[in-house]
K.L.:
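Just passing along the structure, written as structure tokens.
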Amino acid sequence: MKKSILSARQLCKSFAHNGGQIHVLSHIDLELFEGDFTVVMGASGSGKSTLLYALSGMDRATAGQVFYEDRDLVSMKEKTLTSLRCTDFGFIFQQMHLINNLSLLENITVPGYLNKNRSAAGVREKAESLLEAMGLGHVKTHLPSQVSGGEQQRCAIARAVIHTPRLLFADEPTGALNRASTIEVLNLLTRLNQDGQSILMVTHDLKAAVRATRILYLEDGKITGELSLPPYNAKEEKSRENQINVWLNSLEW
Ligand SMILES: Nc1ncnc2c1ncn2[C@@H]1O[C@H](COP(=O)(O)OP(=O)(O)O)[C@@H](O)[C@H]1O
Ligand SMILES: [Mg+2]
């Protein structure tokens, strides 16, 4: 039986707009499991990013609860929430948010140095080994502007996992990349997942969704569909894509 890692109960999120309210998420019940590569799909504007921000405590839900290890992120004090996000969660985005005047290695070590519980030498050693494992050893002293978009995003992934988060959140991580870089980044995420990293990724790209072990479909503020898949295997890419396409068509995607 899979272990639950995060669960949302009756999650709602609205935004004040022009004197009224926009209801983006409506009474969502959802459970995420350890070891899964969960993908959220849905049309642009369906609330995928809003859901990811509410589940990860980057933003607070308007109503409902998000339980992580029996603690509710929605009612948690800001300071506790910030510290939880730094220790237990990792984040990657469409834009990599690397610091332009730091090398790739420094981009990974600097946030680690800010963590008082870790030795600088330990952080550096971990960063070096992550960069090697991610095929970036030969460009570790380069600036972000001196490497490809795919290499930048792989560096951002290294930064996101250096503290071994229990859950890695990814918002359209391949949205700004060309085809070749997209495949590099997806291969890395797939490998991390197959090594045990739990991932929640939002995307509207079928090429990215095909890596999932579980896909949720978001529409009108609710989860209206769910598909489970066996672990990704490149040889079955076409048949997985077909399976997902048939499922999406049944949801009138
Ligand atoms: N801070 C905000 N204020 C007002 N409306 C917002 C805000 N953030 C998102 N929205 C609205 O919520 C809806 C969902 O947005 P989003 O979660 O970004 O969708 P997606 O990631 O699926 O494209 C959109 O209609 C968007 O305009
Ligand atoms: Mg979005």
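The analysis underlying the following values was restricted to heavy atoms, covering all of them including side chains, and did not include hydrogens, waters or symmetry mates. When a residue number appears, it is its place in the shown sequence, counting from 1. As the structure lists them, so they are numbered: ligands from 1, and atoms in each ligand from 1.
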K.L.:
From atom 26 (C) of ligand 1, is the closest protein heavy-atom distance below 4.0 Å?
P.N.:
no

K.L.:
What residue and heavy atom of the protein are closest to atom 18 (O) of ligand 1, and at what distance?
P.N.:
S49 CB, 3.9 Å

K.L.:
So that I can tick it off, tell me whether K238 and E241 are bridged by a salt bridge, with the cut-off set at under 4.0 angstrom between side-chain N and carboxylate O.
P.N.:
yes

K.L.:
What residues join L102 in its hydrophobic cluster, counting side-chain heavy atom gaps under 4.5 Å, either direct or through other members?
P.N.:
I99, V110

K.L.:
Measure the distance from atom 19 (O) of ligand 1 to every protein heavy atom, then report the residue, atom name and distance (to 0.1 Å) of the closest one.
P.N.:
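Among all protein heavy atoms, the one nearest atom 19 (O) of ligand 1 is G47 N, 3.2 Å.
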
K.L.:
Quick check: do S145 and L143 have side-chain heavy atoms less than 4.5 Å from each other?
P.N.:
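Touching, per the 4.5 Å side-chain cut-off.
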
K.L.:
Under 3.5 Å, sequence neighbours excluded: what are the donor-acceptor pairs made by side chains of residues 16-31?
P.N.:
| from | atom 1 | to | atom 2 | distance (Å) |
| --- | --- | --- | --- | --- |
| H23 | ND1 | S14 | OG | 3.0 |
| S26 | OG | K222 | NZ | 3.1 |
| H27 | ND1 | Q10 | OE1 | 3.0 |
| D29 | OD1 | Q10 | N | 2.8 |
| D29 | OD2 | Q10 | NE2 | 3.1 |
| E31 | OE2 | S4 | OG | 2.6 |

K.L.:
To which protein heavy atom is atom 4 (C) of ligand 1 closest, and what is the distance rounded to 0.1 Å?
P.N.:
F15 CB, 3.4 Å

K.L.:
For ligand 1, which atoms, with element, lie under 4.0 Å from some heavy atom of V24?
P.N.:
12 (O), 13 (C), 14 (C)

K.L.:
Any carboxylate oxygen within less than 4.0 angstrom of a Lys/Arg side-chain nitrogen, looking at E128 and K140?
P.N.:
yes

K.L.:
Thinking salt bridges, do D59 and K13 make one under a 4.0 Å N-O criterion?
P.N.:
yes

K.L.:
Can you tell me if Q194 and Y232 form a side-chain donor-acceptor pair at under 3.5 Å?
P.N.:
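Result is no, nothing qualifies.
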
K.L.:
Is it true that A43 lies under 4.0 Å from ligand 1, counting heavy atoms only?
P.N.:
yes

K.L.:
Counting no waters, what protein N/O/S atoms lie under 2.8 Å from the Mg ion (ligand 2)?
P.N.:
S49 OG

K.L.:
Nearest heavy atom to atom 15 (O) of ligand 1: which of V40, N18, T50, L51 does it belong to?
P.N.:
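Shortest heavy-atom distance from atom 15 (O) of ligand 1: T50.
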
K.L.:
Does the protein put a heavy atom less than 4.0 Å from atom 12 (O) of ligand 1?
P.N.:
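True for atom 12 (O) of ligand 1.
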
K.L.:
Applying a strict 4.0 Å limit to heavy atoms, is G45 in contact with ligand 1?
P.N.:
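Right, G45 reaches ligand 1.
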
K.L.:
Does anything in residues 76-93 form a salt bridge (Lys or Arg N to Asp or Glu O under 4.0 Å)? List the pairs, not counting sequence neighbours.
P.N.:
R60-E78

K.L.:
Does D36 come within less than 4.0 Å of R211, counting only side-chain N to carboxylate O?
P.N.:
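Salt bridge absent between D36 and R211.
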
K.L.:
Would the distance check show the side chain of T224 and the main-chain N or O of L218 forming a donor-acceptor pair, the cut-off being under 3.5 Å?
P.N.:
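Flag not set: sc T224 to bb L218 has no pair under 3.5 Å.
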
